[in-house]
Amino acid sequence: MYLPGIHLTENIIRSIYQKEIMKIRLDKTYMGIWQIHALSSVLCTPIYSVYPKLGNPNVRQDLNRLILPREYKHEQPIYIFWTSTRSADMNNEHWVPNHVVPILPIDNIIIENNGCKEFKDEEREVLNEEKSEDKSKNQQNSIRIELIGFINLDQTGNSILDIEHSMKDEVPKMAKNVLVIMVRGIASNLKFPLAHFATAGITADQLFTILWEAVEILELDTGLKVLFITSDGASPNRRFIRLHANNQNGIVYRATNLYADDGRHIYFISDAPHLLKTARNCMSNSYSHKKSRQLWKNSKDISWLHIVNLFKDHCTGGLRLCPKLTRNHIDISSFGCMKVSLAAQVLSSTVANALELVYGAETSETVCFIRHMNKFFDCLNTRSLYEARNTRNENVAPYTSVDDQRLQYLVSDFWSISTSGRQMLPIEQVNFRNQKHLKCS
């Protein structure tokens with residue numbers, strides 16, 4: 001790793017290069033320009049590394065370049081764009097990338113330089129050949145690339161849209177989002193995207209045909225058994241679930257699987273990370289932020305101010321009771337309220353233990369609430385078959401039996417504090433041991 005101020009010699013560069021090679025062998029490590037050089041030679045294809053005009057200009061000078069392979073098999077270059085998922089909390093001066101994305105060739109690329117004009121082939125060659133440094137920089141900085149496409153749903157959805165457009169004399173709308181149907185194994189590592197649809201928003205009626213067609217494909221064509229449909233709490237998703245009410249009273253939580261040969265049901269499950277964010281957002285408004293709530297139980301407050309005081313008193317010095325707790329966890333922004341990691345780190349056993357240690361009985365109900373949410377999230381957020389063994393946390397172990405104590409906890413202790421006496425749903429006999437069982441989310 002290069003440190004500022006070190007004079008770069010041939011030996012130091014070779015040492016940095018060798019350390020970089022050893023580092024990228026590990027999982028979840030960041031790559032750099034050397035890896036793109038290697039990729040160009042492996043693919044035998046030129047790669048144009050496109051770095052936006054943001055952050056340190058010296059970094060851009062090194063990363064914004066055409067990379068040539070050792071031998072050619074393809075003349076047309078591949079374009080790779082440096083970008084970041086952290087743009088919302090970084091300004092232009094301190095911007096740094098954290099991943100790369102491919103730039104796909106499309107027809108509607110324009111150059112903004114004293115007006116807009118079409119991007120011609122000869123102008124594209126200017127970027128590849130780098131005829132003049134100043135001219136090349138001006139061309140690179142002025143490119144804006146957009147992916148444009150129309151809404152494209154399933155056959156039924158497209159037919160309905162065509163009828164609506166013809167009746168209202170409207171032109172087809174441009175897509176703004178992508179709906180992805182993901183399939184994951186319950187007791188296996190199976191995970192893959194089944195289908196995707198370009199949308200500008202989705203309705204429950206459109207979801208109905210799309211998801212049931214996905215169930216049909218999985219059940220009849222692949223032989224996999226669909227047990228769950230998981231989604232967040234968006235209004236189209238909630239209305240989609242209510243469409244299956246039939247004669248059910250109260251909460252709709254399942255539907256008959258018409259494509260199952262054994263009369264199984266499909267269960268509707270809310271995505272646990274979104275539920276955790278919702279709980280954190282509600283708690284943050286208890287005596288704080290919007291002050292729209294005053295949560296309490298057993299004559300004691302469940303207050304966000306308890307966590308604020310913990311941060312101010314014991315998490316800002318050198319020795320911190322909660323090392324991961326930062327200002328971003330306490331003062332929730334519009335970007336921070338969407339991050340699951342911030343919610344999970346606040347509603348964690350570490351914060352609960354610290355509150356109990358420092359403030360004692362004064363924060364007992366806040367501590368109880370946080371412990372329940374932490375266990376709830378662990379019970380419903382298992383990421384792998386071996387996470388329980390690796391983290392020594394039995395709450396994240398895969399479910400293999402309907403007699404699991406965690407299921408009893410969810411329908412008794414946790415259900416009682418979250419619903420205040422609503423009728424409990426029965427635990428039904430579900431065989432979790434079948435490795436082919438899936439959830440569709």
Colleague: Quick check: closest heavy atoms across P236 and A204, and the distance to 0.1 Å?
Modeller: O-CB, 3.6 Å

Colleague: Would you give the length of the straight line joining atom OG of S341 to atom NZ of K277, rounded to the nearest 0.5 angstrom?
Modeller: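 Here the interatomic distance stands at 10.0 Å.
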
Colleague: Just by modelled atom types, is the Y267 backbone N or O under 3.5 Å from a matching donor or acceptor in the R254 side chain?
Modeller: no

Colleague: What pairs with N390 under side-chain contact (heavy atoms from CB on, under 4.5 Å), at least two apart in sequence or on another chain?
Modeller: Y386

Colleague: Can you tell me how far the OG atom of S284 sits from the CD1 atom of I307, to the nearest 0.5 Å?
Modeller: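 Those atoms lie 9.0 Å apart.
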
Colleague: Mind listing the closest non-hydrogen atom pair of V358 and L310 along with its distance?
Modeller: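 Heavy-atom minimum between the residues: CG2-CD1, 4.5 Å.
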
Colleague: More than 12 heavy atoms of other residues, nucleotides or ligands under 6.0 Å from CD of E216: is that the case?
Modeller: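 Enclosed: over 12 neighbouring heavy atoms sit under 6.0 Å from CD of E216.
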
Colleague: Okay, side chain of T209, backbone of Q206: is any donor-acceptor separation there less than 3.5 Å?
Modeller: yes

Colleague: In terms of relative ring orientation, are F268 and F240 parallel, tilted or perpendicular, with 30° and 60° separating the classes?
Modeller: perpendicular

Colleague: Does a side-chain heavy-atom distance below 4.5 Å link L39 with I78?
Modeller: no

Colleague: Going by heavy atoms in the side chains, are F311 and C322 under 4.5 Å from each other?
Modeller: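 Result no, sub-4.5 Å side-chain heavy-atom pair not found.
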
Colleague: When you measure from the side chain of R280 to the backbone of V340, do you find a donor-acceptor pair of N or O atoms at a distance under 3.5 Å?
Modeller: no

Colleague: Do any pairs count as a side-chain hydrogen bond (donor to acceptor under 3.5 Å, both in side chains) and have a residue in residues 295-316, sequence neighbours left out, and if so which ones?
Modeller: Y287-D301, N298-E365, K300-S364, H306-T366, D313-Y359

Colleague: Holding to side-chain contact (heavy atoms from CB on, under 4.5 Å), I want the full list of residues that pass it with T9, two or more places apart in sequence or in another chain.
Modeller: H7, N11, I12

Colleague: Can a donor-acceptor pair be found, under 3.5 Å and without considering hydrogens, that links the side chain of Y399 to the backbone of C379?
Modeller: yes

Colleague: Considering non-hydrogen atoms only, spot the tightest contact between I36 and S49 and give its length.
Modeller: CD1-OG, 4.4 Å

Colleague: L207 vs L243, test: side-chain contact (heavy atoms from CB on, under 4.5 Å). Steps then yes/no.
Modeller: CA-CA 11 Å; L207 277 176; L243 290 177; over 6 Å; no

Colleague: Do the side chains of L410 and L380 get nearer than 4.5 Å, heavy atoms only?
Modeller: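 The answer is yes, as the side chains (C-beta and beyond) meet within the 4.5 Å cut-off.
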
Colleague: Check whether S231 reaches the backbone of N237 with its side chain - one donor and one acceptor, N or O, closer than 3.5 Å.
Modeller: no

Colleague: Check whether more than 12 heavy atoms from other residues, nucleotides or ligands sit under 6.0 Å from atom CG of L319, and answer yes or no.
Modeller: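 Incorrect, the count does not exceed 12.
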
Colleague: With sequence neighbours excluded, tell me which residues meet side-chain contact (heavy atoms from CB on, under 4.5 Å) with P57.
Modeller: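 P57 satisfies side-chain contact (heavy atoms from CB on, under 4.5 Å) with no residue once adjacent residues are dropped.
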
Colleague: Is the closest side-chain heavy-atom distance between F197 and I202 below 4.5 Å?
Modeller: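 F197 vs I202: side chains apart.
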
Colleague: Excluding sequence neighbours, so at least two apart, what forms salt bridge (charged side-chain N to carboxylate O under 4.0 Å, His left out) with R392?
Modeller: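 Per chain and number, R392 pairs via salt bridge (charged side-chain N to carboxylate O under 4.0 Å, His left out) with no residue.
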
Colleague: Within the side chain of R60, is there an N or O that forms a donor-acceptor pair under 3.5 Å with the backbone of Y51?
Modeller: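 Yes, because the side chain of R60 sits within donor-acceptor range (under 3.5 Å) of the backbone of Y51.
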
Colleague: Run the side-chain contact (heavy atoms from CB on, under 4.5 Å) test on W82 and N64 for me, step by step, so that the C-alpha distance in whole Å, both residues' side-chain angles and the decisive distance to 0.1 Å come before the verdict.
Modeller: CA-CA 9 Å; W82 295 81; N64 193 78; over 6 Å; no

Colleague: Going by the rule side-chain hydrogen bond (donor to acceptor under 3.5 Å, both in side chains), which residues pair with E387 if we only count those two or more places apart in sequence or in a different chain?
Modeller: R383

Colleague: Could you list the residues that satisfy side-chain hydrogen bond (donor to acceptor under 3.5 Å, both in side chains) with N281, not counting sequence neighbours?
Modeller: none

Colleague: Please enumerate all residues that pass side-chain hydrogen bond (donor to acceptor under 3.5 Å, both in side chains) together with N56, with sequence neighbours excluded.
Modeller: none

Colleague: Going by atom type alone, with no hydrogens or angles, which donor-acceptor pairs under 3.5 Å involve a side-chain atom of residues 342-352 and a protein atom two or more places apart or on another chain?
Modeller:
unit_1 : atom_1 : unit_2 : atom_2 : d
Q345   : OE1    : H329   : NE2    : 2.5
S348   : OG     : Q345   : O      : 2.9

Colleague: Tell me, please, which residues at least two apart from D62 pass side-chain contact (heavy atoms from CB on, under 4.5 Å).
Modeller: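 Here the qualifying residues are R65.
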
Colleague: What's the shortest heavy-atom distance between T256 and W212, and which atoms?
Modeller: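 In terms of heavy atoms, the two residues are closest at O-CH2, 3.5 Å.
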
Colleague: Just grab all the salt bridge (Lys or Arg N to Asp or Glu O under 4.0 Å) pairs involving residues 228-241, residues at least two apart or on different chains.
Modeller: D205-R239

Colleague: With sequence neighbours excluded, give me every side-chain hydrogen bond (donor to acceptor under 3.5 Å, both in side chains) pair touching residues 369-378.
Modeller: N353-R371, E356-R371, H372-Y409, D378-N393

Colleague: Taking C-beta and beyond as the side chain, do T400 and D404 meet within less than 4.5 Å on heavy atoms?
Modeller: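 T400 does not reach D404 side chain to side chain.
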
Colleague: Can any side-chain N or O of T45 pair as donor or acceptor with the backbone N or O of L43 at less than 3.5 Å?
Modeller: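 It does hold such a pair.
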
Colleague: Under a 4.5 Å cut-off applied to non-hydrogen side-chain atoms, are K291 and N285 in contact?
Modeller: no

